[in-house]
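For the single chain, residues carry numbers from 1 onward in sequence order.
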Amino acid sequence: MPATIIMGGQWGDEGKGKLTDALAANAAMVVRANGGSNAGHTIQTDQGTFKLRLVPSGILNPHVRCVIGAGVVIELGTLVNELRGLQERGIDTSGMMISDRAHLVLPFHKRLDQLEEQRREQDEIGTTLNGNGPAYADKASRHGLRVCDLRRPEILRRKLAIEVDAKNQNLAGVFGDPPLEFQPLYEDLLELTEFLRPMVVPTEVIVQDALHAGQRIIVECAQGAMLDIDYGTYPYVTSSSPTAAGACQGAGVAPSQVDAVIGVYKAYTTRVGGGPMPAELLDETGELIRVRGREWGVNTGRPRRTGWFDAVAARQTSRLNGITNIALTLLDVLDVFDEIGICEGYRVGDLAISHVPALLDELSGAAPDLKFVPGWSQDTTHVRDFADLPLEAQKYLNVIETHLGAPVRYVGVGPDREQLIDRLHA
Ligand code: IMP
């Protein structure tokens with residue numbers, strides 16, 4: 001029963017969307033497992049550039065059925081706009097399905113996300129302000145509204161009224177914010193529901209049926225494993241599990257149904273938002289990586305922090321997620337460097353450590369133990385076969401393989417669909 005998980009091994013933005021789009025050509029279904037409209041997956045085809053937030057990255061393959069799984073939190077307005085935008089560009093969205101168990105992100109979640117960030121002041125997480133954290137908090141504390149609630153207006157009305165009332169007490173009492181009105185919010189939801197209604201199904205049943213029929217399924221994670229709520233750099237994390245285990249849970253796939261876990265890593269490190277990043281480069285090298293990698297957020301436009309490849313963090317995510325294959329993206333960004341750094345360990349005070357410590361103070365104070373390897377100083381963007389990569393680039397990939405304990409199968413050398421090398425298909 002073949003399911004492939006595609007997940008990010010760093011702090012997100014590794015290029016999962018592009019890989020998912022490419023591998024979807026040989027799959028029957030793509031299931032998005034976690035996150036919400038905080039994600040931004042960019043895919044470049046000959047039809048132009050597509051920026052997806054909630055719609056699975058298989059959507060540009062007409063034969064692929066696309067599922068938003070139970071683990072995703074959905075802001076209906078964003079989803080409807082995204083689907084309408086795709087339809088206007090001639091993309092067939094008739095294969096879209098939405099889990100009736102997925103939770104809703106409502107306007108008060110967004111407002112609370114903003115207010116909570118403001119209250120954190122200099123300790124702000126740097127969230128995408130899309131309401132994801134408060135929506136997952138409501139899910140865990142069993143206050144959430146789910147997609148299935150939309151099917152029955154009377155149920156929606158009752159539950160929404162309770163939540164609006166409770167949130168208004170919080171917004172006014174704690175933050176001194178004006179209350180939200182129930183009626184326009186309720187009517188908005190009913191209107192958006194009309195558009196989405198035909199797509200709402202028990203996706204876990206359909207996913208299992210497909211697996212039992214022997215169809216290839218790709219489970220697509222958003223964000224990256226270093227943003228995982230359990231094993232990431234807490235509290236500077238997202239509120240879901242962008243991991244192999246989270247992928248199974250969010251998509252409705254059993255671990256025993258997974259035969260490949262593809263860890264997508266950039267050839268260097270980026271992070272957006274606050275929190276520790278031991279291999280960060282605050283100098284002109286970091287700036288050059290940012291410019292060459294076009295490292296600005298898809299949704300927020302924020303500049304991403306950049307650094308050399310952090311092998312300590314990457315090794316942790318590879319091991320904890322049982323990565324079977326690595327997809328190393330944006331290798332071409334490093335084409336101009338004489339030598340390339342790899343963070344092989346951290347120094348915390350006098351102590352050398354080779355794991356990611358849980359204590360934020362330790363990680364924030366960790367200095368990178370850098371090793372430098374020779375660069376290849378030549379353009380790789382035209383390379384399509386692994387064997388044609390410069391020798392020094394192949395050696396760099398070998399070093400990463402050794403640290404992560406998994407083989408590099410895919411290598412990205414540019415944003416276009418065809419700029420993805422598959423080592424096994426020369
Ligand atoms: P939230 O998920 O919006 O609550 O943001 C929590 C943290 O995760 C912040 O540091 C965000 O910048 C980060 N984050 C959330 N989604 C993404 C993503 O798709 N790519 C990279 N970072 C993300």
Side-chain angles (χ1 to χ4, degrees), residues 3 5-14 16-17 20 30-41 52-57 67-76 78-79 98-106 109-110 112-113 116-117 125-147 203-204 207 218-253 255 258 261 263-264 271-275 297-300 313 316-317 320-321:
I5 292 171
I6 296 182
M7 56 166 285
Q10 294 160 315
W11 278 276
D13 309 315
E14 300 92 348
K16 299 172 291 291
T20 303
V30 174
V31 190
R32 167 82 179 268
N34 76 297
S37 43
N38 49 355
H41 294 161
L52 304 172
R53 297 174 71 179
L54 282 160
V55 172
S57 303
V67 175
I68 296 181
V72 177
V73 290
I74 304 174
E75 194 196 1
L76 296 186
T78 306
L79 179 58
I98 302 166
S99 169
D100 53 4
R101 293 174 186 267
H103 280 246
L104 301 181
V105 179
L106 295 162
H109 293 131
K110 234 174 161 157
L112 283 168
D113 202 354
E116 284 171 6
E117 278 286 83
I125 290 166
T127 75
T128 61
L129 303 177
N130 281 295
N132 291 267
Y136 277 115
D138 271 358
K139 172 178 172 173
S141 60
R142 291 155 295 177
H143 286 281
L145 270 84
R146 297 188 297 167
V147 169
T203 56
E204 69 279 12
V207 167
I218 292 174
V219 182
E220 178 189 25
C221 292
Q223 290 87 42
M226 287 306 293
L227 289 169
D228 176 54
I229 190 138
D230 291 306
Y231 294 102
T233 47
Y234 191 90
Y236 294 92
V237 293
T238 192
S239 298
S240 62
S241 289
T243 56
C248 288
Q249 180 74 2
V253 169
V258 176
V261 182
V264 189
R271 167 161 213 177
V272 61
V298 175
N299 295 327
T300 59
Q316 166 174 300
T317 60
L320 289 182
N321 293 285

Taking every non-hydrogen atom, the tightest pair across Gln316 and Tyr231
NE2-O, 3.0 Å
Between Met7 and Ala225 the two heavy atoms that sit nearest each other are CE-CB, 3.7 Å
How long is the straight-line distance from [atom2] of [Y] back to [atom1] of [X], given to the nearest 0.5 Å?
X	Y	atom1	atom2	result
Arg32	Thr203	CZ	OG1	13.5 Å
Ile68	Glu220	CD1	CD	10.0 Å
Ile98	Leu54	CD1	CG	9.0 Å

Do Asp138 and His103 have side-chain N/O donor and acceptor atoms under 3.5 Å apart?
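No donor-acceptor contact under 3.5 Å links the two side chains.
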Given 3.5 Å as the limit, does a donor-acceptor pair link the side chain of [X] with the main chain of [Y], or not?
X	Y	answer
Thr317	Gly9	yes
Asp113	Asn130	yes
Ser99	Arg101	yes
Glu117	Gly126	yes
Asn321	Ala244	yes
Lys16	Gln223	yes

Side chain to side chain contact (heavy atoms under 4.5 Å, CB included) for Thr20 and Val30? Distances and angles first, verdict last.
CA-CA 8 Å; Thr20 303; Val30 174; 3.7 Å; yes
Sequence neighbours left out, what pairs pass salt bridge (charged side-chain N to carboxylate O under 4.0 Å, His left out) with at least one residue falling in residues 232-250?
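For residues 232-250, and leaving out neighbouring residues, there are no salt bridge (charged side-chain N to carboxylate O under 4.0 Å, His left out) pairs at all.
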Charged N-O contact under 4.0 Å between Arg53 and Glu75
no
Reference residue Ser240; test side-chain hydrogen bond (donor to acceptor under 3.5 Å, both in side chains); the match among Asn38, Asn132, Asp228, Asn34
Asn34
A quick test of your reading: do over 12 heavy atoms of other residues, nucleotides or ligands sit less than 6.0 Å from CD of Gln249?
no
